[in-house]
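Since the structure comes first, as structure tokens, the remarks are kept for the end.
Read the numbers this way: they start at 1 and go in the same order the structure lists the ligands and their atoms. Position 1 is the first residue of the sequence; numbering continues from there.
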Amino acid sequence: MEKLVSNWSTNVGAVPEDYIYPPETRPGNKHVPIGESIPVIDLSQVDKGDRTLTIQKIINASQEFGFFQVINHGIPDNVMKEAMSTWKEFFESPPEAKKDLYADRFTTKDCWLFPSSLNYGREKVHMWRDALKHSCHPLQKWHHMWPQTPPRYQECVGACSVEIKKLGSKILRLTSEGLGLHGEFLDQYSQTMALSANYYPACPQPELTLGVTKHADPCIITLLLQDGVSGLQVLKDDTWIGVDPNPHAIVVNIASQLQVLCNDKLKSAEHRAVTNSRKARISASFFIGAFGESIIEPAKALVDEHCPPIYKSFKSKEFLLKFYETYGDSQATLEFFKA
Ligand SMILES: O=C(O)CCC(=O)C(=O)O
Ligand SMILES: [Fe+2]
């Protein structure tokens, strides 16, 4: 447990050497403004207003940024707030309450608390983060493996997971429609959902380290909750853009296997998380994806002789393994599966 950043970060005045990234990948002192440009899409318009226009906004945002936020998404504010406070309480609970879930090298534990990344034992530089990872869908299969502390964990995170999964399916249906695919096409690849709850303690030198290094998520689509503290940044045309940490909105990002399914019609977005010196930050990523054995390949309806498939067919689990082997290098992983 001593490797958890939260265990020692308040006792250090400087970032330890094995958390310092090389100058080309560290954030440095350059100010990254919150981008007004990352689209905020009002989902109430799907049922009450202009459905076609909303779909078009989703497609445009997914092509331009691979990222957008949704508001009026139908998930009650108190469900999100309760889940966020549950994760905060979990991370801030005494070591005794968390020790059974902890491992600092790769494990097949279904509910796993770890420092930095899944690669702690192999990586050169560590990330300034502690994370809790567990599956969430279907709920009945997993929730008994979740933390027992705080006691309301299963109830609050369970309620939030069910809502997030429904919203993910809705967004995938709208995206399918926008791409001219049949309505259920993308949602058939959403059989699994895993959570990474991320805890980034305040950091004495945020310019030297990263909470999460640059990557695109390896699943189909990710829905992310933030606690009101900024830190998430998206890469567009070689420039980092800050994402507004609106605790009422949900961040949506196109992940790499969706890019494959739609034959590059939508792009997965590279992103990272930076730390700050004032406040701990919590985010919760819900990774929605296909079963390990599912075949992922460009949709037949999107390829023809003028537009050949850019990627080969592969099993979803092969993609995840390659992502892990390359230390989360999404570009190299996509490249590996090119036709
Ligand atoms: O904390 C964040 O905002 C980003 C986390 C993230 O990218 C991830 O969990 O994959
Ligand atoms: Fe991510």
cation_pi(Arg122, Phe106) dist<6.0 Å, angle<=45: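 Ring-cation test returns no.
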
Does the cation-pi check pass for Lys312 over Phe336, that is, NZ or CZ under 6.0 Å from the six-membered ring centre and within 45° of its axis? yes

Please list, in chain and residue-number order, the protein N/O/S atoms closer than 2.8 Å to the Fe ion (ligand 2). His215 NE2, Asp217 OD1, His271 NE2

What residues form a salt bridge (charged side-chain N to carboxylate O under 4.0 Å, His left out) with Lys3, not counting sequence neighbours? Asp104

Relative to each other, are the rings of [X] and [Y] parallel, tilted or perpendicular (30° and 60° limits)?
X: Phe114; Y: Trp112; result: tilted
X: Phe314; Y: Phe319; result: parallel
X: Tyr19; Y: Trp128; result: perpendicular
X: Tyr153; Y: Trp87; result: perpendicular

Around ligand 1, what residues show up once you keep those with a heavy atom under 4.0 Å from it?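 These residues qualify: Asn198, Tyr200, His215, Asp217, Leu224, Leu232, His271, Ala273, Arg281, Ser283, Ser285, Phe287.
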
What salt bridge (Lys or Arg N to Asp or Glu O under 4.0 Å) pairs are there with at least one residue in residues 125-137, not counting sequence neighbours? none

I'd like to know if the side chain of Arg272 reaches the main chain of Gln233, judged simply by a donor and an acceptor atom lying under 3.5 Å from each other, with no hydrogens or angles considered.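 Looks like no, no N/O pair under 3.5 Å.
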
